[in-house]
Structure formats: structure tokens, C-alpha cells
Amino acid sequence: MPDDAVNSWEARADAHSFYGFTDLPTIKDRGATILTHGEGPYVYDVHGTKFLDANSGLWNMVAGFDHPGLAEAAKAQYDRFPGYHAFFGRMSDQTVMLSEKLIEVSPYDSGKVFYTNSGSEANDTLVKMLWFLGGAEGKPQRRKIITRKNGYHGVTAVSASMTGKPYNSVFGLPLDGFLHLTCPHYWREGRDGETETEFTARMAQELEDMIAAEGADTIAAFVAEPVMGAGGVIPPSEGYFQAIQPILKKHGIPLISDEVICGFGRTGETWGCEAYDFVPDAIISSKNLTAGYFPMGAVILGPELTDRLQAASEAIEEFPHGFTASGHPVGSAIALKAIDVIMNEGLIDNVRALTPKFEAGLNWLAENPNIGEARGKGLMGAVEAVADKATKTPFASDLSVSERIANTCTDHGLICRPLGQAVVLCPAFIMTEPQMDEMFEKLNKALIQVFADVT
Ligand SMILES: *Cc1c(COP(=O)(O)O)cnc(C)c1O
């Protein structure tokens, strides 16, 4: 290898950096993409190549890559008070203000917030809260967590156990007591002749049966994303949350909304639960919470869980949990600004304004004979490749169709993400109409090219 190849950024990345969730054959073929900076929804690599990032980083860079207000909020807070914890009764003023703001914009009249550094840790924290409550309330057996197949809740040992993906079996996960229901994806999971209403009723019955089989008093919570994100952008079947919430209520099982992706505007509402018209007992937030400008997660407890956690904590005089950087002052300042930017500076309005065009673009792609389904909500969408549209038969997995589509898009200057046999689009909320045209045209070109190769 010539020196410049050995010393290339790509080779240096290979030499000393691990890649998470990366298709290693693709890296072998193509090398990593090493980025230097961004502009609006675009990013640039070390060679100066410009890419439209149709996934806003990992769903989170919703204000783009060069938002001046967010960078200023960070700088101002770094100058003022660059770091502190939230232990021993001390916390920064920014943290106090952020909690007030989160409750103000939540569906709750009152409640409390606990901070983490990520969405995974927020789900872990929630589970520890519920396990703590079980012990404190004389129900130590109340520990099981119900989620759904294809649900994504993170990568720590507990949140990976909540995640309903087969890849976690390489870690010997899920842990005991983490149960997974059928994914409420009518197009893929519906039976021949079954209406969507019947399908939803079957999903609800499956939950009812699981609760009966396990024992209601052994179940600590049901946790769901309003729209599944990393599972492939899967909106629930019609009436899903309306069908399951009464069952959970009847058995006293909290319904937790994992809003790490849906929260703060992705669906066109502040929360995904608003888009689907249900009020959960707690909300998990991260990603958009800081518009990706700082690692931060939050567990937002509604009034009932707040009171119970308060009582359980008072009984032992503390809640023995917290991360060194929980409620970080810079993260809190950025989150306060991000919420303001999303809700008051036109970003959520732009999501709503662009949604019809986004849906039209997805439906246009679905005219391709090898796209089986276009689906989405707000500015999150996916198109799913199929070898046969009528029978919904997927392509052979060794063809790596969605990886090929994503790689071909990269060649055309578009970053989008393969997920199973689907390709995901979740653009930044600042996207313009011409940028959206560019996104769909480039993806369409890639679809035509790849399907010509594999069919
Ligand atoms: C990304 C994600 C998480 C995990 O967040 P991390 O910050 O990556 O730990 C949890 N839940 C949902 C719905 C997510 O999309």
C-alpha cells in the first residue's frame, strides 16, 4: 500500500477505532466515511465531498449541523459554569429551569424529571425506578418489562433486553423477565383476510394473554415507542394504543412512552403520544432533546409515578441512583435552547408544513415494483424493498439489498440508513423543499440502479 493509503483517514480509523452497528464488509469494500463539518442538513468528509444527511445524524441533529443559537448557548454556559453534578442536593440553575420547561411542555400538570447521558440510560433508569418501587411497595416480584419485537430501547444490558431485535442474542440477552410482544405492523404481521381493526384486536388480546400467563402482579411496565424508529419506522396499527391502554390500566401496569425519536417534533406534535392520542405514565426523552448538540437523556415521570417514587425515596431517605453528568449544566442550557428553537423558531411548523410533501415523496418511491411498502409519520419514513410486491417476499438476505441502496445513495451524495430490508429517511426539521426534492431524486436513482442489478 502506498504511504498515503496507509496514512489515510480511512486507514487510521480502521487501525484504532471500533465501529458500532456497522456492516464490516461495506467498510472493507468502501472504507469508512470520515467527516469534518456540516452546513444545514449537509455534512462534508475529509475529501471535501458533500452529503445530504437524510437521517439527521442518528435522528437527532434536527436543527442542522451549524445552528448558531445552539452553539452560542453552549459557549455561554461553558463560560459561565462548565460542569456540575446533580448529587447531594446540589444542581445547576440550568437544570432547575430545564425540568420546569420539560414539565411545562409535557402532557402532565405536575411531575419530575431525572437526567441521564443517553436514551439507553434513561430506559435503564426507568426500570431501576420501577424495580425500586416494587420493593418499596411490598411487590418485589413486580419486575417484568413488556416491550415489542422490533422495538428499540438502547444498548445497555437492560435497555438492550427491552429492545426486540435478534442481534442481542450474541450477548446472551435479553435478561430474564424481558418479554416481547408481536410488532404491531399490519402490512407485515397481518394475516390473510384479517382487517386492520381485527389485527389491532389480536395485538391487544396477545397482551391480555401475556399478562394472564405471567401474572399481572409480576409486571412492572409496558414500554413502547409511539412510532418504532430503529425497528424500521413502523407506525402502530390503527387504534393500537387505544386498544392496549385500557388493558394496562385494568391491571395497574404503567404505560411508558419511549419518545427518544418521536419527542420534540418528529411526528409533527411535541410528543408522539400526542400524535396517537394517549397519555402515558412516563416519557423517555433523548436525541432531539438537545438537537444532538449534547449527550443527554431524561426520564419524565407523570404525577402518579412521581408521588410513588417520592414516597419510596423518602422511606429510605434517598433514591440511590445518578450519573456523574446527570443534569449537566451545559447540556441543560443547550436543551433549553433546543426546545425553544424547535417549538418557537419554526422547526416544528416546518415539520408540519413539509409532511405532505414527504408523504408524497415516499408514495412516489413506492411506485417502484420492488418497493413493497412506504410508511411513516411526520418527518420519519421508510420504504421497504421486496423481491415480489404481491407476496411481500423479501430479497434473499445475502443480496444485502438495503446496504447496496444506502451505499449507492452515498455515491450520489446522500446519506440514508438501511434497516432490515428498508431504507429510512428522517431529515432535519430545517430541511427546505429543494433539499427534499434532492433527497427523493437521489434515493429514487439509487433504487432503480440497485433493483436493476439484483432482479
Ligand atoms: C436511540 C434510542 C434509544 C437509545 O438512546 P441512546 O442515546 O443511543 O442510548 C432509546 N430509545 C429509542 C426509541 C431510541 O431511538
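One-based numbering, in listed order, for ligands and for the atoms of each. Counting begins at 1 with the first residue of the sequence. Worth knowing before you read on, the calculation uses all heavy atoms, side chains too, and leaves out hydrogens, waters and symmetry mates. Just so we're clear, the structure is a prediction, and the values are computed from it rather than from any experiment.
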Next on the checklist: Just to be sure I read this right, does ligand 1 sit under 4.0 Å from the backbone of His153, its side chain, both, or neither, counting only heavy atoms?
Outcome noted: backbone
Item to check | ligand 1 versus Trp59: contacting region, heavy-atom distance under 4.0 Å | outcome: neither
Under a plain distance cut-off of 3.5 Å, with no hydrogens placed, do [Y] and [X] share a side-chain donor-acceptor pair?
X: Ser257; Y: Glu259; answer: yes
X: Ser120; Y: His153; answer: no
X: Asn60; Y: Tyr293; answer: no
X: Asp124; Y: Thr156; answer: yes

Next on the checklist: Check whether Tyr44 forms a cation-pi arrangement with Lys50 (NZ or CZ under 6.0 Å from the six-membered ring centre, at most 45° off the ring normal).
Outcome noted: no
Checklist entry - Between Tyr276 and Lys377, is there a cation-pi geometry (under 6.0 Å to ring centre, at most 45° from the normal)? => result yes
Checklist entry - At a 4.0 Å threshold, what atoms of ligand 1 neighbour a non-hydrogen atom of Glu225? => result 13 (C)
Checklist outcome for this item: Within 4.0 Å of some non-hydrogen atom of Ile261, the atoms of ligand 1 are 15 (O)
Next on the checklist: Given Ser159, Gly151, Ser120, Gly20, identify the one with the heavy atom nearest to atom 8 (O) of ligand 1.
Outcome noted: Ser120
Top protein contact for [atom], by heavy-atom distance:
atom: atom 7 (O) of ligand 1; value: Gly119 N, 2.9 Å
atom: atom 12 (C) of ligand 1; value: Tyr152 O, 3.3 Å
atom: atom 11 (N) of ligand 1; value: Asp258 OD2, 2.8 Å
atom: atom 2 (C) of ligand 1; value: Lys287 NZ, 2.6 Å

Checklist entry - Can you check whether Gly154 has an N/O within less than 3.5 Å of an N/O in ligand 1? => result no
Checklist entry - Would you call the rings of Trp131 and Phe178 parallel, tilted or perpendicular if under 30° counts as parallel and over 60° as perpendicular? => result perpendicular
